[in-house]
Each structure stands twice: as C-alpha cells, then as structure tokens.
Amino acid sequence: MRKPLPIKALFDSDYIDQQVYVAGWLRSARRGKRFSFAVLNDGSCFQSLQIVIDNSRFPAHVLDNLHTGGCIAVEGTVVRSPGREQAIELQAQNITIFGTADPATYPLQKKQHSLEFLRTIAHLRPRTRFFSAVLRIRNTLSYAIHQFFQERGFFYIHTPIITASDCEGAGELFQVTTFDLNDVPKQDGMVDYQQDFFGKPAYLTVSGQLNVETTALALTKVYTFGPTFRAEHSNTPRHLAEFWMVEPEMAFYDLEDTMDLAEEFLKNIIQKVLDNHQDDLAFLSQFNQVDLTERLKRVIQEPYERLPYTEAIAILEASKKNFQFPVKWGIDLKTEHERYLTEEYFKKPVIVYNYPAEVKAFYMRQNDDGKTVAAMDVLFPEVGEIIGGSQREERYERLLQRIQTLGLKIEDYHWYLAIRQYGSAPHSGFGLGLERLVQFCTGMANIRDTIPFPRAYGLLNF
RNA sequence: GCCCUAGUAGCUCAGCGGUUAGAGCGGGUGGCUGUUAACCACCAGGUCGGGGGUUCGAAUCCCUCCUAGGGCGCCA
C-alpha cells in the first residue's frame, strides 16, 4: 500500500512546489462555490494541513463526503498559503476517501469539547488536539526513559505481571483466578486454591521492585518499566487502578547516589519534552491555563533542595501554618506539607530523605539512629511526590528481623531474603509513576486524561 | 471509604413553584464566500438522569438510587 508522507515532514522542511501524498482525518471541511477547504491531521504533529480543493476538478460524491471525522488521502502540490493562519497548504489533485463519517452522528464537533465528554468517547478522543498532544508527550517520555537508562548501561528487565503474594504491601491487590466464581471449589469451608490455575492464590503485581532487585544483584544496573495494578478504592484525579511504573535498581548505589540519579533522570527526560513539543506545550498551556514551558524549565534549571525528614518537620513546625494535619515528628508528609515545602518555602523541587521507619516499607535500609530508614521522595511543586525510592536493606539479619516484627510471612519472602544470604550487596532504587509525570508535563488536571483507556475504581469502559 | 457540587436538545449551558421549556454551537435545506471553530436565512431536535413523595400545580421543593466532577484519605 502506498505510504503517505507524515504531515510533520511538510512543516519540518521545505516541500514548496513538490508533489506529495498525505493521509489523515478531517478536523473540518468547508464547502464553497468554487473552492472547498479541508483541515487534515494525521497525528504526526500538532499542526494540521489545509487542503485546498478546486470543486470543478472533483465529482460530487467526493465533495459530498468531506466531513469532520472522515479519513482521506490526498495527492497534491505543496504551496505557500495566501491565508494568514498557515504558512503552507496543499492543492489537491487526487482525493481518496478511505472512510466517511456521518456528520449527523459523529460525536466530535469542530469546537472545544469538555474533557468529561471526551472521556465518554475514549475511542475517538485520540483524534482531538488535546488528546493527541498528550499521547505524543507520553510517547516522548516513555522513549526518553528507555534512552536514559540504556545510555547509562542499565538493562531492561521484564518483571512478572502475575505474582504469588503481596510482596510490598504497596496496595490492595487484584486477585487472578480461573475459578468460576459462582461455583468455587471449597475444602472445609475455605476456598481450595489447590484446584486453581496456579495451585495457590495469584495476584496482579503492585510493583516490580522486589523481583527486579534479584536482577540488580546480578546485572548491577537494571530497570523495569511496565504496568502496575492497584485495587484501592481511590476516587481522585490522581489515581488509576492500572498504571505504568518505571523502577530502576542499582547495585553499589547508596541513597545519595540514588538521589543524584533520580534528579538527573527527571531533568533529562523532561528536557526531551521541551526539546520536541513546543507546539503541543503551547496548546496545552493555553487550555490548561498553566505556562508549561515555565513549569518544566523550573524543574530543570536549579539543583533540587535536599533535606532530611527531621529538618523538613522543623521547617513545617516553624512555618506557623494552620495545616489540616498537624505536624509532628513521625507523621508521613501530606500533600499540603509537600506543597508548602516546594511552592512556598523552597520554590523548587525538594528531595526529602531519611524518613521514620514506621511510615515506610519493610525493605528500606535501617539507619544507624535506630529511628529512620534510607528513603527519599522527590517532591515537585503543584503535584507533590513524583518519585519515591530508597536504599534497600541488604543485611540479612536486619531484614529478617524487620519482616518478623511486621508480622509478614517469611515463606513469602524466602527468595527475597536469599539474595541477602548469598553475595548480598548494597543497592538502591526508586519508582516513578508515568501518568503522574505525564500530568505534570501536560498540565492535565485528571490522570484519566493521560492514558488512552483509564481503569479506575468502578470505571472499566472500552 | 468520607465530604461537597452537578445531571435540562448531539455538545456547552440558561430557566430554580405558575401558560405550549429556551439560547449558542452542532445537524438538515437554501444562499453567499480563498475559507480559517466562516457568514446569513429557515427547519428538525427534549418522558428536564431513574423511582417515590409534597402541592390545585414540580425541570424547579423533599427523600432515595444511579452517573459525572471536585476536595480529603490510601498511594505512584
């Protein structure tokens, strides 16, 4: 099949007076007496291409079927546009109609639709300027994440989607089963999992971290980047039940090395959005009412503030602010505390580290003070925590003791403990929720607008 | 899980006890036009989210359910 030239190419270099073949979806079509105008977009870039159609050269069945939403291919000559709103346009010589769209029923109009409405037509919203811009930026971030780690000698590891137990306590689990739930096999009144697919209970992963640690203690620097599933009943614009998470894990990295890496990582991938998406950012800035270029530059230019938890608490206590959640040593930082630190006190990203052990996960490395663990959170203005990470507890006895203290089952963690028993090494890592970063970079207020088909509590359409 | 707000035409909304429920956009028809979310005229389009109640009378007040959005918690 003949391959169309991406419309992006027409705007990136000079095609004036050249014959080209393009294809895409009509954003609008205006019929005139002598000329018709069609606005064609193929998603390759923010811009659309104006097609100029001399009505006398085309039969009625072509002209009658040019409507918003239709898919066409056009062969024609690129010329400078006499119109003010575009530099170039295409004089059509041949038009192929691939798919019509009945304007009486096609839901998208050539006007701004509410994001709420677009969520109800998730199968069509990639055709909008809003959503295509978000998807392009999401792609750039994903690619930049791989580039960043690949260029630094990290290996991409595929951790399992189905897991045998809640190995982090990171959240509520989705159970996986092939049982007919109307007729579950039972033994002594309890579900007989021996008859289930795996012969035991199975779940969707809430984090690849514990699995990826085993490969860090073999390949030294690794990362996993895949879907994650949490069954929390969270009903907010910041939570999804299915989201994508990046988790690097490095042997011979301590907490400070990890903070260095996290900062370099964020600056690197956000820079790529600035480098490649001026049009998308300008559009999203206008409609999300935030200067995204400014927002992104702000987290790239300056060094992030690094602050032990204990000092963060002291700053919050000294602030005399009337927080909804009172501040005292031992609490986990709430959104309002994070925002005070990043937006009012330091006015830039802040990395808080050495948190009280009680508010952090069992696997984090215990500090010598006996109270805190080597954890760190990168906090961004406006969004709060964007990265959470830690140095892992590599000392077998310490980890075993912690697992026992928290009442976790040792047999569930036998392999996780075993890598501390044989050739253990200091190691660290962090996790980044992709959609939260897409939210930050695009200014989308609702995380459901950062992924093509959002899944959330009570929400599973399409 | 808790709290708040809102569901009226395909979309965005007005109407908030009293005739036959309105506008803009979108759609159809006609006109006009190198147009720019074009423009002008006419036409079609609604069980006012579902159910129950109060009232002479309910889109409007009350109860309840559903759906959507926002705030908080949990978290990434």
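Note that the coordinates shown come from a computational prediction; the quantities given were computed from them, not determined experimentally. Residue numbers start from 1 in every chain, and the chains themselves are labelled A, B, ... in the order their sequence lines are given, proteins ahead of strands.
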>> Short of 4.0 Å, heavy atom to strand atom, which residues of residues 450-462 of chain A count as contacting RNA chain B?
In response: Y457(A)
> Which side chain to side chain donor-acceptor pair (under 3.5 Å) pairs, counting each pair once, include a residue from residues 112-122 of chain A, with sequence neighbours left out?
Replying inline: R119(A)-D449(A)
> Charged N to carboxylate O under 4.0 angstrom, E435(A) versus R138(A)?
Replying inline: yes
> Does anything in residues 81-90 of chain A pair up under salt bridge (charged side-chain N to carboxylate O under 4.0 Å, His left out), and if so which pairs, sequence neighbours excluded?
Replying inline: none
With sequence neighbours left out, what residues match [X] under side-chain contact (heavy atoms from CB on, under 4.5 Å)?
X: T310(A); answer: W329(A)
X: Y156(A); answer: H146(A), Q150(A), H158(A), Y223(A), F225(A)
X: P452(A); answer: L135(A)
X: F462(A); answer: A122(A), H123(A), F453(A)

> Is there a side-chain polar atom (N or O) of N235(A) under 4.0 Å from OP1 or OP2 of rG70(B)?
Replying inline: no
Could you run down the sub-3.5 Å N/O contacts of the protein with nucleotides 30-36 of chain B?
unit_1  : atom_1 : unit_2 : atom_2 : d
rU33(B) : O4     : R31(A) : O      : 3.2
rU33(B) : O4     : K33(A) : N      : 2.8
rG34(B) : O6     : Q91(A) : NE2    : 3.3
rG34(B) : N1     : E89(A) : OE2    : 2.6
rG34(B) : N2     : E89(A) : OE1    : 2.4
rG34(B) : N2     : E89(A) : OE2    : 2.8
rU35(B) : O2'    : R30(A) : NE     : 3.0
rU35(B) : O2     : R30(A) : NE     : 3.1
rU35(B) : O2     : R30(A) : NH2    : 2.4
rU35(B) : N3     : Q50(A) : OE1    : 3.1
rU35(B) : N3     : Q50(A) : NE2    : 3.1
rU35(B) : O4     : Q50(A) : NE2    : 2.7
rU35(B) : O4     : Q86(A) : NE2    : 3.4
rU36(B) : O2'    : E85(A) : OE1    : 2.5
rU36(B) : O2'    : E85(A) : OE2    : 2.5
rU36(B) : O2     : Q86(A) : OE1    : 3.2
rU36(B) : N3     : Q86(A) : NE2    : 3.2
rU36(B) : O4     : R84(A) : N      : 3.4

When you compare the protein's N or O atoms with those of nucleotides 40-44 of chain B, which come within less than 3.5 Å of each other, and at what distance?
none

>> Tell me every residue that passes salt bridge (charged side-chain N to carboxylate O under 4.0 Å, His left out) with D377(A), counting only those two or more places apart in sequence or in another chain.
In response: K360(A)
Write down the protein N/O and nucleotide N/O pairs, taken from nucleotides 12-15 of chain B, whose separation is under 3.5 Å; answer none if there are no such pairs.
unit_1  : atom_1 : unit_2  : atom_2 : d
rU12(B) : OP1    : S114(A) : OG     : 2.8

> Which pairs pass ring pair (Phe, Tyr, Trp, His ring centres under 6.0 Å) with one or both residues in residues 59-102 of chain A, sequence neighbours excluded?
Replying inline: none
